[in-house]
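Note that this is a predicted model, so its numbers are computed, not measured.
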Amino acid sequence: MLRLLVVGGGGLLGREVVRLARRAGHSVTATYHQRPIGTDGRRLDIRDRAAVAALVAAVRPEVIVNAAYRQADWATTADGGMHVAAAAAEARARLVHVSSDAIFSGAADSYDEGTAPDPVTPYGAAKAAAEVAVRGLVPDAVIVRTSLIIGAGTSETERYVHDLATGRRSGALFTDDIRCPVHVGDLAAAVLELAADPHPGVRNVAGSDPISRHQLGLLIARRDGLDPAALPAALRAHSGLPGALAVRLNCSATQAGLVVRLRGAHEFVGAGTA
């Protein structure tokens with residue numbers, strides 16, 4: 001049994017990591033920032049370095065999973081990642097830091113674990129900066145680079161598809177915006193496997209299918225009984241929005257060392273797995 005501290009335990013991924021870890025018999029402490037999670041959740045603002053250090057010292061975890069982020073907040077994503085890494089180093093705890101494919105520009109055909117970040121957005125830059133801090137402070141950490149997280153019907157992507165299909169929001173799904181969506185259950189299981197793996201370094205943990213946001217939206221609509229024809233399509237290249245177009249994570253090296261199989265969206269959405 002491991003003592004785990006899950007930072008960002010109120011998010012989609014954090015909740016699933018907590019659920020699977022407790023089911024496996026681990027002792028888990030989970031943190032939240034604003035919305036309380038159960039009766040035993042611990043409030044934590046990871047922008048406060050002293051608060052992070054104090055909580056880690058009190059919990060004395062063997063493993064810390066950092067799944068916290070805020071896309072529009074450098075202090076949470078970059079500085080907060082550094083604060084968690086510093087506390088992990090002080091406590092000599094194993095660190096699994098969750099990063100993102102947003103660290104890449106999309107200029108390459110695909111990205112393996114050895115590819116250096118080349119972000120083109122502030123969020124991508126913050127995620128890349130956090131990776132630098134993690135590597136510098138905790139050389140034996142695992143950095144998990146992932147993509148769009150789907151599952152349980154509550155992800156941001158799934159909510160957006162529902163809002164578009166029912167007319168609650170205006171907008172479109174891009175046909176040239178390619179990612180490798182991952183099921184939250186697959187990602188959480190991989191995170192826990194890597195938490196128990198002594199080998200450090202970068203791991204790509206994403207779905208096996210590169211797919212456009214529009215294709216993904218059609219799969220979600222069909223799964224949930226919505227009208228796929230109600231989902232407008234557009235080109236991101238014509239939108240003026242910042243960010244990469246196609247980011248394909250090559251997960252073959254990581255998958256070879258995992259028990260959990262990283263399914264593609266056509267399987268876990270198309271088969272109706274929520």
>> Between Val184 and Leu4, is there shared hydrophobic-cluster membership here, with clusters defined by ILVMFWY side-chain heavy atoms closer than 4.5 Å?
In response: yes
>> With heavy-atom distances below 4.5 Å as the criterion, would you say the side chains of Arg236 and Leu245 are in contact?
In response: yes
> Under a 4.5 Å cut-off applied to non-hydrogen side-chain atoms, are Ser105 and Tyr111 in contact?
Replying inline: yes
> Can Asp101 and Ser147 be counted as having a side-chain donor-acceptor contact under 3.5 angstrom?
Replying inline: yes
> Should Leu187 and Leu20 be regarded as members of a common hydrophobic cluster, given that ILVMFWY residues are connected when their side-chain heavy atoms come within less than 4.5 Å of each other, either directly or indirectly?
Replying inline: yes
> Is Asp40 salt-bridged to Arg22, cutoff N-O under 4.0 Å?
Replying inline: yes
> With a 4.0 Å cut-off, would you call Arg213 and Asp177 a salt bridge?
Replying inline: yes
> Taking Thr254 for the side chain and Asn204 for the main chain, is one N or O donor matched with an acceptor at less than 3.5 Å?
Replying inline: yes
>> Taking Ile150's backbone N and O only, do any of them form a donor-acceptor pair with Glu158's side chain (distance below 3.5 Å, no angle check)?
In response: no
> Going hydrophobic residue to hydrophobic residue with side-chain gaps under 4.5 angstrom, can you get from Val182 over to Leu194?
Replying inline: yes
> If only atom types and distance count, is the side chain of Arg43 paired as donor or acceptor with the main-chain N or O of Thr31 below 3.5 Å?
Replying inline: no
>> Using a 3.5 Å distance criterion without hydrogens, assess whether the side chain of Arg15 forms a donor-acceptor pair with backbone atoms of Gly10.
In response: yes
> With the threshold set at 4.0 Å, does a side-chain nitrogen-carboxylate oxygen contact exist between Arg159 and Glu156?
Replying inline: no
>> Testing the basics here: between Pro210 and Cys180, what is the closest heavy-atom pair and its distance to 0.1 Å?
In response: CA-SG, 3.9 Å
N/O donor to acceptor pairs below 3.5 angstrom from side-chain atoms of residues 58-71, sequence neighbours left out:
residue: Glu62; atom: OE1; partner: Arg3; partner atom: N; Å: 2.8
residue: Asn66; atom: OD1; partner: Ala68; partner atom: N; Å: 3.1

> More than 12 heavy atoms of other residues, nucleotides or ligands under 6.0 Å from CZ of Arg92: is that the case?
Replying inline: no
>> Measuring only between side-chain heavy atoms, which start at C-beta, is Val144 closer than 4.5 Å to His97?
In response: no
>> Has Asn250 got a side-chain atom pairing as donor or acceptor with Ser110's backbone, closer than 3.5 angstrom?
In response: no
> With hydrophobic residues grouped by side-chain heavy-atom distances under 4.5 Å, do Ile143 and Val191 end up in a single group?
Replying inline: no
>> Looking at every non-hydrogen atom in both residues, tell me the closest pair between Pro200 and Pro139 and how far apart they are.
In response: CB-O, 3.7 Å
> Just wondering, do Asp45 and His33 contact through their side chains at under 4.5 Å, heavy atoms?
Replying inline: yes
> Do Leu249 and Phe104 come close enough that some side-chain heavy atom pair is under 4.5 Å?
Replying inline: yes
> Below 4.5 Å, heavy atoms only, C-beta onward: do Leu55 and Arg42 meet side chain to side chain?
Replying inline: yes
>> If we ignore hydrogens and angles and just use 3.5 Å, is the side chain of His26 paired with the main-chain N or O of Leu2 as donor and acceptor?
In response: yes
>> Tell me whether Tyr123 shares a hydrophobic cluster with Leu148, the cluster being built from Ile, Leu, Val, Met, Phe, Trp, Tyr side chains joined at under 4.5 Å.
In response: no
> Is it true that Arg145 and Glu113 make a salt bridge, defined as a side-chain N closer than 4.0 Å to a carboxylate O?
Replying inline: no
> Can you list the steps and then say if Val134 with Leu95 is a side-chain contact (heavy atoms from CB on, under 4.5 Å)?
Replying inline: CA-CA 9 Å; Val134 167; Leu95 175 62; 4.0 Å; yes
> Where do Arg203 and Glu193 land on the salt bridge (charged side-chain N to carboxylate O under 4.0 Å, His left out) test, with the steps shown first?
Replying inline: CA-CA 12 Å; Arg203 303 288 189 273; Glu193 276 196 57; over 6 Å; no
> Taking the side chain from Gln215 and the backbone from Ser212, do they hold a donor-acceptor pair closer than 3.5 Å?
Replying inline: yes
> Got a sec: does the CG of Asp227 have more than 12 other heavy atoms crowding it under 6.0 Å?
Replying inline: yes
> Heavy-atom distance under 4.5 Å between the side chains of Glu131 and Ile103, does that happen here?
Replying inline: yes
>> I'd like to know if the side chain of Asp197 and the backbone of His199 have a donor-acceptor N/O pair within less than 3.5 Å.
In response: yes
>> Does Asp79 form a salt bridge (charged side-chain N to carboxylate O under 4.0 Å, His left out) with Arg47? I'd like the steps, not just the answer.
In response: CA-CA 6 Å; Asp79 295 344; Arg47 296 171 297 183; over 6 Å; no
> Is there a donor-acceptor pair under 3.5 Å between the side chain of Thr76 and the backbone N or O of Asp73?
Replying inline: no
>> Run the side-chain contact (heavy atoms from CB on, under 4.5 Å) test on Ser208 and Arg263 for me, step by step, so that the C-alpha distance in whole Å, both residues' side-chain angles and the decisive distance to 0.1 Å come before the verdict.
In response: CA-CA 6 Å; Ser208 57; Arg263 298 169 293 166; 5.5 Å; no
>> I'd like to know if the side chain of Asp209 and the backbone of Ala265 have a donor-acceptor N/O pair within less than 3.5 Å.
In response: yes
> Are side-chain heavy atoms of Ile211 and Ile178 found at a separation under 4.5 Å?
Replying inline: no
